[in-house]
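Take a look at the structure below.
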Amino acid sequence: MQFPTIAAKLIRTVNASTTRTTNNNRAAEQSCLSLLQACNTVAKVVQLHARILKLGLQNNPLVLTKFTSTSSELGATDYASSFLFCPDADTRLYDTFLFNTMIRAYAQTSHSKNKALCLYNGMLHFGISPNKFTYPFVLKACAGVGDLNVGKSVHGSVVKYGFDDDVHVLNTMVHMYCCCDGGIECGRKVFEEMPKSDSVSWSAMIGGYARLGLSTEAVGLFRKMQIEGVRPDEITMVSVLSACADLGALELGKWVESYIEKEGIQKTVELCNAVIDMFAKCGDVDKALKLFRNMSEKTIVSWTSVIVGLAMHGRGLEAISLFEEMIGKGVTPDHVAFVGLLSACSHSGLVEKGKSFFSIMTQEYGIAPRIEHYGCMVDMLCRTGLVNEALEFVKKMPIEPNPIVMRTLISACRVHDELKLGESITKLLIENEPMHESNYVLLSNIYAKMFHWEKKTKTREAMDKKGMKKIPGSTMIELDNQIYEFVAGDKSHEQYKEIYEMMDEMGRKMKRAGYVPSTSEVLLDIDEEDKEDALNRHSEKLAIAFALLNSPPGTPIRIVKNLRVCSDCHSATKFISKIYNREIVIHSLKHS
DNA sequence: ATAGGGTTAG
């Protein structure tokens, strides 16, 4: 930072212009420029570069700039930078545009965000001033790195250089903060305080909330956007739909779909994909399939959305046949498509098929398994009750299992009575993640199943001491454009008497149809009769009773549970669906 | 020559 002085900059400018004017090889310069313009492969750039060196034009500013931009456009950024920053390079030729070109190239490629930041630091080191075009690139690189402190320091520079009034810079800054761990509040602050905001600013913020799973905030902000009269575009709508999908809010999603029609928002492939994903995740997989079939242009994302949707709703065989149809059409699956495929196998108990797809993925498609793929395999083995095989699988994994995989194992240990094993894994996990509440819930559930009530109480106390609270289970239901929420034993609703009568009736009819309450997941120190009672008051059943009372016979019932659905509610729902002739879709927001 | 989006296992 101490290098740049105004004098040094002046000398540099003068020297650069001298080089330009004394260059008597104008014809060669022109020919190089037009050849560079026509370059379309890296090989040609390399060839041409040899010629540039031979002609001694490597320090010609025009040629250097063109060489740099052509190389980086073709993905040969490292090649260009090795010459630009070699020890005998003429640093007098460095300027803002040259650095912007290089930083942009690195900021756009996924594994080179750090290089972009290095170049930005180098730029300051050489005394080259950034301009308002530099910062969108730099901030984009920060977003990729995801380090809040790095982001804050760049924010400081933006203020120092006075670009904090530029809407493009600020929009990217909002996006950057939203991509950093724990940065969403900073993003919101920049968003709130920016002098002018447009649809891009709102999209960045709404998208930020949606990505983090803060879907209610995302939808709320979209409402605020409409109140403030900012016209959303197709990119805003993608984020809003993604929030709807996450919330399982089918009615809202349908409204968004008609809003898109009404407002004439451009239906890009990506927007159509988001609509399909919303329907698939909200339980209307057939609607998603229909839209998918009618799409004129499909991408891998379109296929994956439907495959994941089918997998989520237990239609594993259809998911697999759709995957095979996709291969038949010559579409190359990516790692996400394989996650969908493997989860389809897992949800439908197709262990052998799953194992074979897992090996095909690497052997035929050259896709290295990621933690998500290993997670699917562990889940698949655990669901089938092969807990020990799952454990062996985890031990042999070439990458560290993450907490999600560990929690899958622990749940399986509890369900399949490997309680000692479950206890020891959970203790390890708590050491690594002391502030994650579901770890304590898992441990206390294991103690409950071991009848270690004292240890269970202690675990709860440890949670309280750390200021963590267990989130109470609740179920939401959308009826006539209103959202009703129920918690276990809820009596706050004005119809509560009718609801409880309905539940009694449901219980009687279910028992007659052969339903046996499964009390094994009631983790309370109470006797069997009370356990049944506790089950009957679960929020899922309340919401279903409410829906049976208030919606026309034969119409589907869709409910959204904030936590995992217990096994008893799962089986009870199947009975209720049959007895009352209603399709019942349960959407769960969390899985552990 | 400048900005923002989607699909991912429990």
Side-chain angles (χ1 to χ4, degrees), chain A residues 65 69 73 96-98 100-101 103-104 107 131-140 143 163 166-176 178-179 191 197-208 210-211 232-243 245 268-278 280-281 299-309 311-312 333-347 354 369-380 382-383 401-412 438 442 563-564 588 590-592:
Chain A
T65 305
S69 60
E73 271 162 32
T96 306
F97 181 63
L98 201 65
N100 282 0
T101 309
I103 294 172
R104 176 180 57 186
N131 62 14
K132 64 172 178 174
F133 299 118
T134 313
Y135 280 104
F137 304 138
V138 176
L139 290 164
K140 199 172 173 187
F163 296 120
D166 183 288
V167 67
H168 297 297
V169 173
L170 291 175
N171 283 345
T172 329
M173 183 121 63
V174 171
H175 175 244
M176 178 278 289
C178 289
C179 290
F191 173 75
S197 61
D198 58 11
S199 73
V200 180
S201 337
W202 288 84
S203 296
M205 201 62 227
I206 294 172
R211 265 196 311 278
D233 62 11
E234 73 277 9
I235 289 162
T236 323
M237 299 324 284
V238 169
S239 291
V240 176
L241 282 165
S242 156
T268 56
V269 194
E270 291 82 0
L271 185 53
C272 294
N273 288 343
V275 174
I276 289 175
D277 179 58
M278 180 275 293
K281 290 224 175 94
T299 65
I300 180 70
V301 178
S302 328
W303 291 89
T304 307
S305 295
V306 186
I307 291 172
V308 170
M312 263 178 85
D334 63 3
H335 66 106
V336 187
F338 272 102
V339 172
L341 180 68
L342 293 175
S343 90
C345 296
S346 168
H347 286 273
R370 304 188 181 194
I371 190 66
E372 294 91 336
H373 302 113
Y374 288 111
C376 288
M377 297 308 286
V378 173
D379 183 48
M380 188 182 302
C382 285
R383 276 176 199 259
N402 63 8
I404 298 172
V405 171
M406 299 293 271
R407 279 194 279 276
T408 306
L409 268 179
I410 296 164
S411 292
S438 51
L442 282 169
L563 304 171
R564 194 183 212 279
S588 176
K590 268 196 184 148
H591 309 278
S592 65

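Chain naming here is simple, since letters A, B, ... match the order of the sequence lines and numbering starts at 1 in each. Just the heavy atoms: all of them, side chains too, but no hydrogens, waters or symmetry mates, feed the values below.
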Where A/Cys376 and A/Ser343 come nearest, the two heavy atoms and their spacing: SG-N, 4.0 Å
For A/Ser239 and A/Ala210, which heavy atoms make the closest approach, and how far apart are they? O-CB, 3.8 Å
With respect to the side chain of A/Asp277, which nucleotide from B/dT7, B/dA1, B/dG4 is positioned closest? B/dT7
Just the rounded figure in Å: distance from P of B/dG10 to CZ of A/Arg407. 13 Å
To the nearest Å, how far apart are A/Met312 CE and B/dT8 C1'? 12 Å
Rounded to the Å, how far apart are A/His335 NE2 and B/dT8 P? 11 Å
Closer than 4.0 Å, any side-chain N/O of A/Arg383 to the OP1 or OP2 of B/dG10? yes
Could you check which of B/dA3, B/dT8, B/dA9 has an atom nearest any side-chain atom of A/Phe137? B/dA3
Quick one: closest heavy-atom pair of A/Asp379 and A/Thr408, and the distance? CA-CG2, 3.7 Å
Side chain to side chain contact (heavy atoms under 4.5 Å, CB included) partners for A/Phe97, two or more places apart: A/Thr65, A/Asp95, A/Thr101
Within this structure, what is the CD1-to-P distance between A/Ile103 and B/dA3, rounded to whole angstrom? 13 Å
Would you kindly give the CE-to-C1' distance between A/Met377 and B/dG10, to the nearest whole Å? 16 Å
Between B/dG5 and A/His175, is there an OP1 or OP2 to side-chain N/O distance shorter than 4.0 Å? yes
Classify the nucleic acid contact of A/Asp379 as base, sugar-phosphate or nothing, counting any heavy atom under 4.0 Å across all strands shown. sugar-phosphate
Give the rounded distance in Å between these two atoms: CZ of A/Arg104 and P of B/dA3. 8 Å
Among the nucleotides B/dA3, B/dG5, B/dA9, which one has an atom lying closest to any side-chain atom of A/Asp198? B/dA3
Rounded to whole angstrom units, what separation is found between the CH2 atom of A/Trp202 and the C1' atom of B/dG4? 15 Å
Please check if the number of heavy atoms outside A/Arg370 that lie under 6.0 Å from its CZ is greater than 12. no
Any side-chain N or O of A/Ser201 below 4.0 angstrom from OP1/OP2 of B/dA3? no
Which part of the nucleic acid does A/Ile371 contact within heavy-atom distance under 4.0 Å: base, sugar-phosphate only, or nothing? base
Can you name the nearest heavy-atom pair linking A/Cys179 to A/Ala143, along with the distance? CB-O, 3.6 Å
Touch class at under 4.0 angstrom, heavy-atom based, for A/Thr134 against every strand present: nothing
Confirm from the modelled atom types if A/Asp233 and B/dG4 form a donor-acceptor pair under 3.5 Å, side chain to base only. yes
Does the B/dA1 base have a donor-acceptor partner in the side chain of A/Asn131 within less than 3.5 Å? no
Ignoring the backbone of A/Ile235, work out which of B/dG5, B/dA3, B/dG10 is nearest its side chain. B/dG5
Does B/dT8 have its OP1 or OP2 closer than 4.0 Å to a side-chain nitrogen or oxygen of A/Lys281? yes
So, under a plain 3.5 Å distance rule, would you say the side chain of A/Ser242 forms a donor-acceptor pair with the base of B/dG5? no
Heavy atoms under 4.0 Å, any strand shown: does A/Val308 hit a base, just sugar-phosphate, or nothing? sugar-phosphate
Taking B/dT7, B/dG5, B/dA9 as options, the one with an atom nearest any side-chain atom of A/His347 is B/dA9
Ignoring hydrogens and geometry beyond distance, is the side chain of A/Ser199 in donor-acceptor contact with the base of B/dG4 at under 3.5 Å? yes
When all nucleic acid strands are considered with a 4.0 Å heavy-atom cut-off, which category describes A/Thr268: base, sugar-phosphate, or nothing? base
Measure the distance from CE on A/Met173 to P on B/dT2 and round it to the nearest whole Å. 20 Å
Consider the side chain of A/Thr408, meaning its heavy atoms from C-beta on, and name the nucleotide among B/dG4, B/dG10, B/dA1 that approaches it most closely. B/dG10
Do A/Tyr135 and A/Thr172 touch side chain to side chain, with heavy atoms closer than 4.5 Å? no
Check this one for me: any side-chain N or O of A/His168 less than 4.0 Å away from OP1 or OP2 of B/dG4? no
